[in-house]
Amino acid sequence: MLLERYLESLGSEAIQKALGLDGPRPALVRPTQDPKFGDFQINGAMALGKELGKPPRELAQPIAEALAGVGAIAKAEVAGPGFVNIHLAPAWIASKLTEALRDPARNGVPAVEDVSRIVVDFSSPNIAKQMHVGHLRSTIIGDAIARILSFMGHDVVRDNHLGDWGTQFGLLIVGMREWGDDEALQAAPVLELERVYKLASERAGNDDAFAERARAELAKLQNGDEENRRLWEHFVEVSRATLDAVYAELDVSFDTWLGESAYHDALPGVVEDLLARGIARVDDEAVCVFWGDIDSAPKALRKQKTPFIVRKKDGAFLYSTTDIATVQYRKEHLQADRALYVVDNRQGLHFQQLFAVMELLGVDMDLEHIGFGTVLGNDGKPLRTRDASGNVITLVSLLEESKQRARQRIEEGIAEGRLRVRSEEIDEVSRVVGIGAVKYADLRQNRLSDYQFDWDKMISFQGNAGPYLQYAYARCASIFAKGEVDMDAMAASATILLDAPAEQVLGKHLLRFADVVYQAGTTSQPHLICEHIYELARAFNGFYAECPVLDAKGPTRDSRLGLTALTARQIRRGLGLVGIGVVDRM
Ligand code: ARG
């Protein structure tokens with residue numbers, strides 16, 4: 001159940017009734033800052049003071065009285081200049097939790113009424129270049145957002161917009177002829193392509209004839225030359241294999257892989273259209289959108305001196321041109337209502353300009369740049385992607401290291417008697433913990449901020465880290481194992497009762513789940529789910545310290561097992577929504 005939405009409707013009904021108004025008014029429900037003052041605050045009377053010409057406190061009084069009679073509310077009182085503080089009734093919370101307990105498929109989270117088709121454009125690395133940590137962030141954050149939106153009931157298209165087209169391929173074709181090593185290309189394709197690309201672009205910088213050859217090969221490729229097409233396909237194919245290995249390890253998948261090359265044929269039309277409509281103009285043989293020219297452009301762009309270039313002087317199309325064609329495709333062929341671009345903050349200006357051009361073109365679609373900050377190393381500088389001896393740290397080796405470190409921690413935990421993992425399960429548990437730790441360290445942060453990559457904090461069974469939450473889940477599961485109680489059977493029959501204060505605290509956390517999922521989904525902020533699960537795990541600890549579960553009797557025991565099951569399922573679901581797995585025994 002969406003709690004705040006429900007309280008909003010209760011509140012606005014109470015306002016209308018209590019004040020004898022002709023129609024409903026917003027109740028403006030907010031969680032209270034301090035639980036001492038209740039659970040939620042209704043601020044509607046404050047806004048009505050002006051409209052009705054009365055002091056808000058005077059209006060708040062009858063509203064509080066009307067609310068006090070409602071089943072969900074134990075107490076409603078006027079506070080401050082005219083808020084109404086409400087305390088939820090434990091019996092009502094308990095009944096809602098019992099409903100959620102009967103709903104293992106959705107954990108009490110309703111499906112959206114208005115389904116949107118949403119493209120999530122994420123990961124999107126460049127072929128022939130090492131996928132870097134920025135792409136890792138995009139992959140992890142984008143996957144989480146796609147999972148959350150799908151669970152809410154939206155129609156999500158996960159698209160990997162590969163950088164698989166453009167000038168680098170001319171250089172690669174001539175470079176591979178000169179320096180290419182087929183064996184290396186098979187064994188470590190991306191490394192080999194990157195090596196050759198570097199050599200080729202260096203050479204092109206000081207050898208005009210070489211640069212000219214590269215341009216000619218690119219033109220041939222773009223005009224459909226068979227030999228070059230074959231080479232390009234081969235580069236893409238071997239790179240795909242490397243990418244697939246990373247995605248498999250991360251448990252990330254895509255519905256479409258429509259890279260930049262997919263839009264090649266549409267590009268001339270895009271430029272002609274922009275020229276014909278007077279959005280772009282020719283400047284020194286290039287085609288550009290000059291923001292100073294366009295009265296209806298967003299204010300922030302009007303001052304932008306550098307134009308948005310859509311065709312270079314030499315006739316080549318750019319990233320910008322492809323992105324315009326991509327939006328059009330998503331609108332026309334995918335009938336998308338929204339597109340989310342999960343891309344580094346540093347591309348902010350590009351997307352600002354792209355979205356403004358689409359607006360000028362009259363494409364009616366909700367476009368959002370879901371930016372994120374930089375991953376920093378221990379020195380506070382952007383995380384280096386090379387080790388001390390200059391070797392590239394690949395994503396696969398990073399994930400491998402995480403699994404190794406997780407295994408070490410787990411073995412220590414077993415030796416010290418803190419963890420219980422069967423020897424035949426150590427591989428699997430290390431994998432789930434190691435990969436989960438990398439993902440959680442990223443996702444628990446507000447995506448817009450930079451964060452420091454720190455192995456010790458990341459792989460920790462204490463504090464706000466992935467392993468701690470996976471452990472919290474396993475502990476809930478172990479209570480069922482120890483008591484030989486079947487979780488699902490019990491969940492189908494138990495009734496939740498909230499008597500002890502620690503039960504009430506836990507119950508209130510559990511009740512917020514649907515709101516948190518919706519908020520995370522609508523604002524593209526997976527960290528809200530991480531925060532919720534972390535706080536939930538702590539509330540569960542408080543409950544478990546105060547309230548015996550297996551040793552309790554009768555309906556109290558059933559209820560406490562029910563609370564344990566709800567907690568376990570919410571942790572599992574919450575972690576699942578951000579792409580992190582759990583294990584039952586740890
Ligand atoms: N390939 C780009 C890069 O690595 C990211 C692409 C993001 N998606 C897009 N539609 N522009 O920087």
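Indexing begins at 1, ligand by ligand and atom by atom, following the structure's order. If you read the sequence from its start, that first residue is 1, and numbering goes on from there.
- Not a single N or O atom of His350, backbone or side chain, sits closer than 3.5 Å to an N or O atom of ligand 1.
- Panel note: side chain Arg230, backbone Asp225; no donor-acceptor pair is recorded below 3.5 Å.
- Among all non-hydrogen protein atoms, the one lying nearest atom 4 (O) of ligand 1 is His135 NE2, 2.7 Å.
- Every heavy atom of Phe122 sits 4.0 Å or more from the atoms of ligand 1.
- Cation-pi check for Arg281 over Phe290 is met; the charged atom lies under 6.0 angstrom from the ring centroid and within 45 degrees of its normal.
- No side-chain donor-acceptor contact under 3.5 Å links Lys439 to the backbone of Ala144.
- If you number the atoms of ligand 1 from 1 as listed, the ones under 4.0 Å from a heavy atom of Val343 come out as 7 (C).
- Every N/O-N/O distance between Glu260 and ligand 1 stays at or above 3.5 Å.
- Between Asp121 and ligand 1, an N or O atom pair is found at a separation short of 3.5 Å.
- Taking only nitrogen or oxygen atoms, main chain and side chain alike, Asn126 reaches within less than 3.5 Å of ligand 1.
- If you number the atoms of ligand 1 from 1 as listed, the ones under 4.0 Å from a heavy atom of His161 come out as 8 (N), 9 (C), 10 (N).
- Within the 4.0 Å heavy-atom criterion, the part of Phe351 lying near ligand 1 is the side chain and not the backbone.
- Atoms of ligand 1 lying under 4.0 Å from any heavy atom of Tyr341, numbered from 1 in the order shown and given with element: 10 (N).
- Trp179 does not carry Arg203 over the face of its six-membered ring by the limits of under 6.0 Å from the centre and within 45° of the normal.
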Salt bridge (charged side-chain N to carboxylate O under 4.0 Å, His left out) between Arg512 and Glu4, worked out: CA-CA 9 Å; Arg512 290 195 41 72; Glu4 286 186 33; 3.5 Å; yes
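- The aromatic ring centres of Phe355 and Tyr341 sit less than 6.0 Å apart.
- Heavy atoms of Thr326 found under 4.0 angstrom from ligand 1: none, in either backbone or side chain.
- Considering every non-hydrogen atom in both Leu171 and Ser201, the closest pair reads CD1-CB, 4.0 Å.
- Interface atoms of ligand 1 facing Tyr319, defined by a heavy-atom separation under 4.0 Å, are 2 (C), 5 (C), 6 (C), 7 (C), 9 (C), 11 (N).
- From the protein, the heavy atom lying nearest to atom 12 (O) of ligand 1 is Gln347 NE2, 2.8 Å.
- Between the side chain of Tyr451 and the main chain of Arg444, no donor-acceptor pair closer than 3.5 Å is present.
- Remark: the Tyr263 side chain and the Asp323 side chain contain no N/O donor-acceptor pair separated by less than 3.5 Å.
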